[in-house]
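Accompanying notes for the structure given below.
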Amino acid sequence: MAVNDHGSPTDAELAASVTIGIGDFNTILQKAAENAGAASLSEGGLMTGLAVINSVGSSKDAGDEDGLAQADSNVVAVLVDADGRIVDCKIDGVQAKIPFSKEGKLLVGTDTMFRTKQELKEEYGMKKASGIGREWNEQADALAAYVTGKTLDEIRGIAVTEDGHAGDAELASSVTMSVGGWLETVEKAVANAKPMGAKAGDKLGLGIETNMSKSADAGDEDGLAQAYSMYTAATFGPDGRITSCILDGSQSNVNFDKAGKITTDLAVAPQTKNELKEAYGMKKASGIGLEWYQQAENYAQYALGKTPAELSGLAVNDHGSPTDAELAASVTIGIGDFNTILQKAAENAG
């Protein structure tokens with residue numbers, strides 16, 4: 001909310017009734033929101049959190065060289081205890097690069113899939129330039145280990161240089177990549193964490209799948225380079241059954257014309273579907289009056305107590321939607337991608 005130099009609101013309607021500074025009010029309201037979930041935890045219970053921060057800011061027009069639509073996604077999953085301390089943390093990212101020509105033609109097939117940085121491992125190619133002989137995934141794991149055991153306030157207190165690198169000597173010895181954006185994503189994941197059924201001893205997994213199947217060449221209309229990602233933070237009990245689950249997705253779109261010029265505002269960060277809520281616009285077409293985020297929540301709830309293999313065995317129609325009458329009453333979107341990322345989360349849980 002906009003404020004003046006004295007911290008008072010500038011909104012005319014609010015300023016008519018409030019002229020005192022509102023910064024401290026906002027701070028304590030944020031703290032109250034962060035503490036609300038912890039207060040409702042049962043003994044031994046943990047809160048599950050997921051955060052995604054997207055950017056298309058590194059995209060560029062076609063010219064002497066081919067154009068590039070680049071979607072970068074920072075993704076963090078956390079487990080948080082009743083004291084607000086991180087018990088476990090998973091960090092991953094996607095860098096989806098979609099080249100296009102100065103004639104507005106895509107230069108890769110729409111069946112292209114993008115692996116995450118954790119999946120790429122050595123192929124990502126950061127080790128040599130890191131200065132410490134560590135690949136991206138190794139540095140991400142080191143950062144996740146560093147924030148584990150810390151509270152939100154302690155994470156906010158981690159020293160970061162002006163260029164976004166670790167200012168703490170201990171952290172800098174194992175992480176030389178920029179950490180500013182990653183710490184922001186960790187903070188967001190902790191702030192998002194809620195009691196969902198996870199408990200001490202459960203294993204946390206993070207699953208991501210990214211395609212560009214809806215991308216298209218420019219023609220009468222602008223072309224589209226779309227990195228379509230699905231995300232889950234899920235926890236698993238000793239028997240491999242899901243104990244908590246968050247499902248989300250994002251469409252990072254970059255439009256370009258027949259001359260290879262980008263027509264999208266690259267400064268606007270693509271929001272996830274859970275963040276968009278009603279603005280995503282699926283409710284009317286859903287057939288059941290539910291928006292995408294509501295259906296994702298319903299499927300996440302349905303997944304509790306089941307294994308990814310059991311979910312993958314569910315019957316679906318030609319559109320990939322469930323045919324079970326009870327489930328179809330609350331979920332009409334395709335569930336295939338949900339099942340894929342839950343399987344991935346199970347495989348890397350630990």
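Residues take their numbers from the sequence shown, with the count starting at 1.
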Q. Between N274 and E297, is a side chain to side chain donor-acceptor pair (under 3.5 Å) present by the stated rule, with each step listed?
A. CA-CA 9 Å; N274 286 350; E297 288 175 356; over 6 Å; no

Is the NZ or CZ atom of [X] both under 6.0 Å from the centre of the six-membered ring of [Y] and within 45° of that ring's axis?
X: K150; Y: Y146; value: yes
X: K203; Y: F236; value: no
X: K306; Y: Y302; value: yes

Shared ILVMFWY cluster between [X] and [Y], side chains joined below 4.5 angstrom?
X: V186; Y: M177; value: yes
X: I208; Y: V56; value: yes
X: V78; Y: L46; value: no
X: I53; Y: I246; value: no

So, the side chain of [X] versus the backbone of [Y]: is there a donor-acceptor pair under 3.5 Å, distance only?
X: Q343; Y: T340; answer: no
X: Q139; Y: T176; answer: yes
X: N54; Y: Q271; answer: no

Might you point out which heavy atoms bring [X] and [Y] nearest each other, and give the distance in Å?
X: G207; Y: A345; answer: N-CB, 3.9 Å
X: Y231; Y: S250; answer: OH-OG, 2.5 Å
X: K90; Y: G350; answer: NZ-O, 2.9 Å
X: S101; Y: D66; answer: CA-OD1, 4.2 Å
X: T232; Y: C245; answer: OG1-SG, 3.9 Å
X: I333; Y: Q295; answer: N-OE1, 3.1 Å

Going by atom types only, do [X] and [Y] share a side-chain donor-acceptor pair under 3.5 Å?
X: H165; Y: D163; result: yes
X: N211; Y: S213; result: yes
X: D257; Y: T263; result: no
X: T116; Y: D92; result: yes

Is the shortest distance from a Lys or Arg side-chain nitrogen in [X] or [Y] to a carboxylate oxygen in the other one below 4.0 Å?
X: E291; Y: K284; answer: no
X: E154; Y: R85; answer: yes
X: K121; Y: E138; answer: no
X: E187; Y: R156; answer: yes
X: E65; Y: K102; answer: no
X: K199; Y: E43; answer: no
X: E103; Y: K258; answer: no

Q: Evaluate whether atom CD of Q301 has more than 12 neighbouring non-hydrogen atoms of other residues, nucleotides or ligands under 6.0 angstrom away.
A: no

Q.
With rounding to the nearest 0.5 angstrom, report the NZ to CD distance, K273 to Q251.
A. 4.5 Å

Q.
Before you tell me yes or no, could you show the steps for D72 and S55 under side chain to side chain donor-acceptor pair (under 3.5 Å), namely the whole-Å CA-CA distance, both residues' side-chain angles and the distance that decides it to 0.1 Å?
A. CA-CA 5 Å; D72 291 291; S55 170; 5.3 Å; no

Q) Should S244 and T48 be marked as a side chain to side chain donor-acceptor pair (under 3.5 Å) after you check the CA-CA gap, both sets of side-chain angles, and the distance that decides it? A) CA-CA 7 Å; S244 71; T48 308; 2.8 Å; yes

Q.
If we check side chain to side chain contact (heavy atoms under 4.5 Å, CB included) with V147, which of these qualifies: V76, I86, V190?
A. I86

Q: Run the numbers on T235 and T243 for side chain to side chain donor-acceptor pair (under 3.5 Å), then give the verdict.
A: CA-CA 5 Å; T235 55; T243 58; 2.6 Å; yes

Q: Hey, can you tell me if Y280 and W292 have their rings parallel, tilted or perpendicular (30° and 60° cut-offs)?
A: perpendicular

**Q.** Side-chain touch N192/L50, heavy atoms, less than 4.5 angstrom
**A.** no

Q) So do the side chains of Y299 and L327 get within less than 4.5 Å of each other, counting heavy atoms only? A) yes

